Amino acid sequence: MSWLDDILGPWRGFLVTFRQMFRPNVTTQYPEQKRVKPERFHGRHVLNRYPDGMEKCIGCELCAGVCPADCIYVRGADNPDDDPVSPGERYGFVYEINMLRCIFCGLCVEACPTEAITMTHLFELSVTDRDDAMFTKADLLVERDGTPNHNAPAGPLIDLDELKLADGWMRATSSAGRAEYEGVVQWSESAGKSQESTVESPQGDSDS
Amino acid sequence: MDGFWLAALKVLIAFALLFNIVLVLVWVERRLVARMQNRIGPNRAGPAGMLQTLADGLKLMFKESIDPRRAQLGIYLAAPVLALIPALLIFLIIPIGAPITIGDTTYDLQVTDLNIAVLYFLAMSSIAVYAIVLAGWSSGSKYPLLGSVRAAAQMISYEAALGLALVPVILYNRTTSLAEIVAAQGGTFFGIFPAWNIVLIPSFIVFLIAGFAETNRAPFDLVEAEQELVGGYHTEYSGFRFALFFLAEYINLFNISALTVVFFLGGWHGPVFGPTFLQYLLPIFWFLLKTAAVIFVFIWARASLPRMRYDQLMEFGWKRLIPLSLVWIMVVMVAVGLRRFGLPWS
């Protein structure tokens, strides 16, 4: 009976909303409950070190060049002969990211030839002062043992352990051009991964 | 207590009551709509978020009240107050409980038992239109003006239906005093069904629908259709002045719900038992319970129905509700006449 449907139709919506009242919420109570983030989440950047403590950044400024938001400022300097900072000729002397401009696209990570800059799972980057949003090398670079730094203390929102969760950036197959890695998907080495990953680093020989 | 001080006390209580009701009402609405959308709603401020409205209100008070450059300042400032006053005044005539007898005196649980309360209510709700029209016009901005033009057309159209829906009630109860209308709804039909005016079902439905339009709530919230008009008539208002509009809106919602209960759902009538103090409190409880049920319907509709198109709104008002009311008035007139005078040829 179509006329009956015409009359009842508008009222069916009331049943829908009434039924929904007794269904579970979809809300996540955010600061207390956090969702598990996807493995390749784009969060705050870190600057990595090799397991021996050397900085990976060679000051090539490719990240600054590729950055679409123009938020990275890098200046390289020659490594001191007696106390080299990085295995290469030069190292990142100044490294700053303006987090107010960063769009977390991850192009810097892809551009980096030494996987010095990677992303982590920390995304709660609120600051009360615009100057605090300029992340300097001191904030970005991990310690010699791999412990990440942050410009704010840990709190209800800032879980510094998230800085140890790597973005799990997947490297193109055979990025080093070696035939035996053809078709083998590898995971990048970054803050967390490098400590446990068994994938050998093709960068080792490129630096020498 | 002599008349003046008693009235002053009643007004004070009514005032405090209304403001607390609004605080709870906004919270209840937000929580309920949230539940219907599988969300949680405000739950941080105070127990279960009950203080959220208070927090919002305090925030609005401390915000800057902006004077738009092209506003007609006098009218612009008067409009929020003009919106609030009729809303507060309507509440004065609503009986929220059975009269209480202490010693020799009987106290009505309403501020004043006006003998033309129905007309008073219609007059006050018409005045509320002025506030919206003036607010929109004096803002000196196009969206508020569009909102207020819509408001004028909508509220005048549905005012007619609202008034016509009340005519059968007056005919049936043969009074325009709200206390007497409620009193007339005591007793039962056939000993089982409460003798509420809900038997005037077409009137009830028309009144409820027109009530949606009068309070500018979904599905008749074209006045403040955010998607089309930014905020409607109060787009240019900020801070405490905006809070006054907001307050008036929710007081109106409570008023319309309470009046629906008074006119059609038996007012404070309900099973009364127990000791004396319970006999005084239970009518208030029944009244508030019924009002809450009607408010739930209002909120439920807001969560369920999409906004009507403007021409549909006008057509529905003039071509459906008003003819329906007129036909129904004739039916009730004939029925009441037959009951009173018998068949014309007898």
Side-chain angles (χ1 to χ4, degrees), chain A residues 1-39 41-44 99-100 104 121-130 132-133 150 152-162, chain B residues 27-50 52 201-202 204-206 208-213 217-221 257 292-309 311-313 315-317 319-321 324:
Chain A
M1 282 183 284
S2 64
W3 62 269
L4 195 65
D5 283 345
D6 287 348
I7 293 172
L8 288 181
W11 308 104
R12 296 230 169 88
F14 280 87
L15 283 181
V16 172
T17 43
F18 196 76
R19 201 168 55 225
Q20 293 299 327
M21 278 204 295
F22 304 102
R23 296 210 172 149
N25 289 316
V26 294
T27 312
T28 314
Q29 294 280 333
Y30 161 61
E32 292 91 24
Q33 308 167 2
K34 287 187 176 183
R35 279 193 218 168
V36 178
K37 291 190 275 295
E39 192 180 6
F41 188 82
H42 283 190
R44 206 209 85 182
M99 289 295 174
L100 293 171
F104 297 92
H121 281 202
L122 185 77
F123 66 95
E124 287 117 341
L125 297 170
S126 313
V127 288
T128 50
D129 189 328
R130 292 177 72 87
D132 293 342
H150 195 54
L157 287 178
I158 302 171
D159 179 7
L160 291 182
D161 285 339
E162 288 184 328
Chain B
W27 173 73
V28 165
E29 167 160 41
R30 292 181 63 183
R31 292 285 291 203
L32 264 179
V33 171
R35 280 306 299 129
M36 289 174 181
Q37 297 167 347
N38 291 354
R39 297 184 288 116
I40 295 176
N43 67 340
R44 297 277 164 166
M50 287 187 77
Q52 182 66 47
I201 285 174
F204 174 66
I205 293 170
V206 171
L208 204 61
I209 293 174
F212 276 98
R217 289 182 59 84
F220 300 118
D221 58 345
S257 308
V294 178
I295 288 172
F296 176 77
V297 172
F298 273 85
I299 295 171
W300 193 11
R302 186 190 147 189
S304 306
L305 297 175
R307 185 179 305 127
M308 285 180 94
R309 219 170 53 208
D311 60 316
Q312 291 171 335
L313 174 97
E315 188 179 297
F316 188 66
K319 293 190 190 168
R320 306 279 191 283
L321 286 187
L324 176 70

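Numbers restart at 1 for each chain; the letters A, B, ... are given by sequence-line order, proteins then strands. Computed from a predicted structure; not experimentally measured. Below, each value reflects all heavy atoms present in this structure, side chains not excepted, and no hydrogens, waters or symmetry copies.
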Where is the tightest heavy-atom contact between [X] and [Y], given as atom of each residue plus distance?
X        : Y        : value
B:Ala301 : A:Phe14  : CA-CE2, 3.6 Å
B:Arg35  : A:Met21  : NH2-O, 2.5 Å
A:Thr17  : B:Ala303 : CG2-O, 3.4 Å

_Parallel, tilted or perpendicular: which one describes the rings of B:Phe296 and A:Phe18, with boundaries at 30° and 60°?_
perpendicular

*If you count heavy-atom pairs under 4.5 Å with chain B, which of A:Thr27, A:Leu15, A:Val16 comes out on top?*
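It is A:Thr27.
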
*Is there a side-chain contact between A:Gln20 and B:Arg39, using heavy atoms and a 4.5 Å cut-off?*
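Side-chain contact under 4.5 Å: no.
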
*Quick check: does any side chain N or O of A:Arg23 sit under 3.5 Å from a backbone N or O of B:Gln37, one acting as donor and the other as acceptor?*
no

